[in-house]
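Working notes, beginning with the structure itself.
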There are 2 protein chains.
Amino acid sequence: MAKKLSLGYKVFLTHSGNLNMPTSPTPLQDQADRFARAREAQSVALLEDYVELIGDLHAELGEARVADIAQRMGVAQPTATKAIARLKREGLATSRPYRGVFLTEDGSAMADRVRSRHRTIVAFLIAVGVPEDVAETDAEGIEHHVSGHTLKAFERFLAQRD
Amino acid sequence: MAKKLSLGYKVFLTHSGNLNMPTSPTPLQDQADRFARAREAQSVALLEDYVELIGDLHAELGEARVADIAQRMGVAQPTATKAIARLKREGLATSRPYRGVFLTEDGSAMADRVRSRHRTIVAFLIAVGVPEDVAETDAEGIEHHVSGHTLKAFERFLAQRD
DNA sequence: CGTGAAAGATAGCCAGTGCTATACCTTCTG
DNA sequence: CAGAAGGTATAGCACTGGCTATCTTTCACG
């Protein structure tokens, strides 16, 4: 973390020596930050997907088995196991060998948040004229990159539409 | 395969017993496909970002140097070099050692497509009430997951707004 | 109640994307 | 025109997220 910050600053200073940037108040650093942000979001995306899915499985089937998780994520079972290991490391889930997977309090909270965001985005896309199945597919990729700010805008849009 | 199918059916039946399935012709496979699609998009995202950036640099500075690319992407220089190697492998760019990086015809086409999509998405987000800087940031992550279908919907929305 | 099939865990491989450190060209300057 | 400075390439490490193959545990049924 501190590492990333220091690098960021170094880059900024190095470049300001160039003096050939057009207008922009924060010309380069901004863009670099945006990319960094997107990369960061990506690293969280997978956690969010798994956590949401585990929540769904508990709601639908009363438990979340590794095989079901793998199947719904469309990955091989060891891949799911590895992802679950990461969830445990991050304090989002627990599991007992050969039993199911369970969300911690944090995990549940994340699942709720993610599910709600997902629903909003799908509803929003449909509201602007995207077919339901496309909306569902696009939302799967988009959702992890929609900031709270943008989500609020979507909600406002939906509300004023009613 | 047979294993997965049988499990799939079990879940489906279990669930249809609930009588709250809407329509869905393919309950589980769909979701797995969506995740697969999102993963696929992710693998292309980085290429798109680099290609667009290289195009921008050529437009702004007349050339695209590795150092500038790295700086704007917010990564270390060897990371940019490695990414460029991948672009070359995929036929999107060429480069001569210690000279600049150049887009192939395919690369240019991709850059144009990506840039246009990016602009549309930012304009759309702003149109629905997202502040410009947030729109810019979110677009950076979102754009790679917006299908042609959804992009069209965004364009229609913008057009009817004018 | 024992066993075989299915579920889950583990090992080991690969590719991608970061990083730092270091070696190697080019270029610019004194 | 030599040498310093800076841009570029390369080597090597770490981690993530895929995969297959294989071993272990559970559990359901004969």
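Note on naming: letters A, B, ... go to the chains in the order of the sequence lines (proteins, then strands), and numbering restarts at 1 for each one. None of the values given here were measured: they were computed from a predicted structure.
Leu46(B) places its CG atom 18 Å from the P atom of dT16(D), with the value rounded to the nearest Å. One atom, CG of Asp68(A), and another, P of dA7(C), lie 9 Å apart when rounded to the nearest Å. One can place CE of Met73(A) at 10 Å from P of dC19(D), the figure rounded to the nearest angstrom. In this structure, Leu87(B) atom CG and dG16(C) atom C1' are separated by 13 Å, rounded to whole Å. One interatomic measurement links the two molecules: CZ of Arg86(A) to C1' of dA14(D), which rounds to 14 Å at whole-angstrom precision. At whole-Å resolution of the value, CD1 in Ile84(A) and C1' in dG17(D) are 14 Å apart. A straight line from CD of Glu63(B) to C1' of dT27(C) spans 13 Å, rounded to a whole angstrom. To the nearest angstrom, P of dG16(C) lies 17 Å from CZ of Arg39(A).
Here the closest heavy-atom approach between residue Val114(B) and residue Glu143(B) is recorded as O-OE1, 4.2 Å.
You'll find that the side chain of Ala76(A) is closest to dC19(D), out of dG8(C), dC19(D), dT16(D).
Distance alone, capped at 3.5 Å, places no donor-acceptor pair between the Ser116(B) side chain and the Asp112(B) backbone.
Using a 4.0 Å cut-off on heavy atoms, the residues of residues 88-103 of chain A that approach DNA chain D are Arg89(A), Tyr98(A), Arg99(A), listed by number.
Screening Arg117(B), His118(B), Arg115(B) for a side chain to side chain donor-acceptor pair (under 3.5 Å) with Glu48(B), the sole residue that qualifies is Arg117(B).
Heavy atoms of other residues, nucleotides or ligands lying less than 6.0 angstrom from CZ of Arg37(B) number 12 at most.
Taking side-chain N and O atoms only, Arg65(B) has a distance below 4.0 Å to OP1 or OP2 of dT8(D).
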Atom pairs, protein N/O to nucleotides 10-12 of chain D N/O, distance under 3.5 Å:
none

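Here CZ of Arg89(A) is found 12.5 Å from CD1 of Ile84(A). Values are rounded to the nearest 0.5 Å. How far CD of Gln29(A) is from CD of Gln71(B): 8.5 Å, rounded to the nearest 0.5 Å.
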query: Yes or no on side chain to side chain contact (heavy atoms under 4.5 Å, CB included) for Phe154(B) and Leu125(A), after CA distance, side-chain angles and deciding distance?
result: CA-CA 9 Å; Phe154(B) 287 2; Leu125(A) 288 177; 4.0 Å; yes

Leu151(A) vs Thr120(A), side chain to side chain contact (heavy atoms under 4.5 Å, CB included): CA-CA, chis, key distance, verdict: CA-CA 8 Å; Leu151(A) 195 63; Thr120(A) 299; 3.9 Å; yes

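The closest side-chain donor-acceptor pair between His144(A) and Asp49(A) falls under 3.5 angstrom.
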